[in-house]
Amino acid sequence: MPELPEVETIKRTLTPCLREQKIARVEVYHPGVIAAPDPETFSRLLAGRIITGLDRRGKYLLVHLSGEYCLVVHLRMTGRLVFTEGAAPLAPHTHVVFSLAGGPSLRFVDTRRFGRLYLAAKTEVETLPGLRDLGPEPLDPAFDALALAAILAGRRRPIKQVLLDQRLVAGIGNIYADEMLFAAGIDPRRPAASLNHEEVARLRGAMQRVLEQGIANRGTSIRDYVDGSGRQGSNQEHLQVYGRTGRPCPRCGQPLERVRLGGRSTHFCPRCQV
DNA sequence: ACAATTACCTGTATGC
DNA sequence: TGCATACAGGTAATTG
């Protein structure tokens, strides 16, 4: 599922394909995926604009456009944004096609249709529902142990649920949350505020290492994720605990366990994570 | 203020 | 083979 490293990889693979390209025409095959404005206005306002650059904020992809507009995309679980040369047939579940001048296209494909697209003036991007309350970027140099400590202070919720709360930290999903807690040797069920200074510092280091490794491996492809060129990542080959229930812990050999935490499956080593 | 639950969707795996 | 069911999980809305 597209979490921070996957969206970052999509941003990096799409940027050279899309920069300075002109959107000639936009076809919406499933209006439900357009969050705002209404699909007709969405298509009309996009046609003729130049893509000036791409950005990422949490799990959101921002496509900057001429005329001070911005296309905002959230892929949720199964969404894909793929650059396609020429007139290849549409993949199943293709909901929006952005035809670029000269023949190529950018296609939004999403089997479960959870993903959403917004078109907004640049000035209102920060005020969109999902972006307004987004927490800090965990890979920002300013996100140090002190910043993490301030986020955890006073919170009795399990540490994993805090890591998944986009209002507190941006971009972490179920896979990377499990991996970073294993890397830090911390039990995902621990109340967030129960971590001592040393554990907070360790977790912060693990968060950055695990996310950087995900990016270096071009994302985790378990089911649906592919980058902007349609290629799979390789980070699934490096997962230590996610999806490995019952297999030996890579550190101590104890069988890995799975529990449900806040409705989400949570993978951990009962011996290494305390 | 916080926590738990449900809705949104469909493909895949499993059990009978 | 066919059918029912569980499960995957990001976010918003709802309920407690």
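Chain naming here is simple, since letters A, B, ... match the order of the sequence lines and numbering starts at 1 in each.
- A:R157 comes within contact range of the sugar-phosphate backbone alone, with a heavy-atom separation under 4.0 Å but no base atom that close.
- Of all nucleotides listed (C:dG9, B:dC2, B:dG11), B:dC2 comes nearest to the side chain of A:R155.
- Going from atom CG of A:L164 over to atom P of B:dA4 covers 13 Å, rounded to whole Å.
- For A:L134 and C:dT11, the CG to P distance is 8 Å, given to the nearest whole Å.
- Side-chain polar atoms of A:T78 and A:T111 form a donor-acceptor pair below 3.5 angstrom.
- A donor-acceptor contact closer than 3.5 angstrom is absent between the side chains of A:D110 and A:H95.
- Ring geometry for A:H74 against A:Y60 counts as perpendicular: the plane angle is over 60°, on a 0 to 90° scale with 30° as the lower cut.
- Ionic pairing of A:D144 and A:R204 is not present here: no N-O contact between side-chain nitrogen and carboxylate oxygen is shorter than 4.0 angstrom.
- Rounded to a whole angstrom, the distance from the P atom of B:dA1 to that of C:dT11 is 23 Å.
- For DNA chain C, the stems formed by at least three consecutive Watson-Crick or G-U pairs, with both atom-pair distances below 3.5 Å, span B:2-8 with C:10-16, B:10-16 with C:2-8.
- Phosphate proximity of C:dG10 to A:H74: absent, as no side-chain N or O sits under 4.0 Å from OP1 or OP2.
- Checking A:E8, A:E3, A:E6 one by one against A:R56, the salt bridge (Lys or Arg N to Asp or Glu O under 4.0 Å) holds for a single residue, A:E8.
- Between A:H30 atom NE2 and B:dT10 atom C1' there is a gap of 12 Å when expressed in whole angstrom units.
- Residue A:G130 is classed as a sugar-phosphate contact, given heavy-atom separations below 4.0 Å to backbone atoms only.
- If you check C:dT11, C:dC7, B:dA3 against the side chain of A:K59, the one that comes closest is C:dT11.
- Distances were taken from every side-chain heavy atom of A:H93 (C-beta onward) to each of C:dG9, B:dG11, C:dA12; the shortest belongs to B:dG11.
- Rounded to an integer number of Å, the gap from A:M77 CE to C:dG10 P is 6 Å.
- For A:R113, the listed nucleotide lying nearest its side chain is B:dT10; candidates were B:dT10, C:dC7, C:dT11.
- Residue A:Q166 places none of its side-chain N or O atoms closer than 4.0 Å to OP1 or OP2 of C:dG10.
- In this structure, CG of A:D178 is placed 11 Å from P of C:dA8, rounded to the nearest angstrom.
- Here A:R132 does not reach the OP1 or OP2 of C:dT11: none of its side-chain N or O atoms lies under 4.0 Å away.
- Backbone-only contact: A:S265 has heavy atoms under 4.0 Å from sugar-phosphate atoms and none from a base.
- Remark: side-chain polar atoms of A:N217 are not paired, donor with acceptor, to backbone N or O of A:G233 under 3.5 angstrom.
- OP1 or OP2 of B:dC8 has not a single side-chain nitrogen or oxygen of A:R76 nearer than 4.0 Å.
- If you take OH of A:Y225 and P of C:dG9, they are 17 Å apart, rounded to a whole angstrom.
- Put simply, the side chain of A:R112 and the base of C:dA8 share a donor and an acceptor less than 3.5 Å apart.
- With hydrogens and angles disregarded, no donor-acceptor distance shorter than 3.5 Å links the side chain of A:R231 to the backbone of A:G228.
- Between A:R258 and C:dA8, a side-chain N or O to OP1/OP2 separation shorter than 4.0 Å is present.
- Atom P of nucleotide C:dG9 and atom CG of A:L163 are separated by 16 Å, given to the nearest angstrom.
- Between A:D224 and A:R112, no side-chain nitrogen of the basic residue sits less than 4.0 Å from a carboxylate oxygen of the acidic one, so the salt-bridge criterion is not met.
- Regarding A:D224, its CG atom lies at a distance of 10 Å from the C1' atom of B:dT10, rounded to whole Å.
- Within 4.0 Å of A:R167, counting heavy atoms only, lies no atom of the nucleic acid at all.
- Under the 6.0 Å distance and 45° angle rule, A:R251 counts as a cation-pi partner of A:F182.
- Residue-nucleotide stacking is not present for A:F114 and C:dT11, judged by a side-chain ring centre under 5.5 Å from the six-membered base ring centre and planes under 30° apart.
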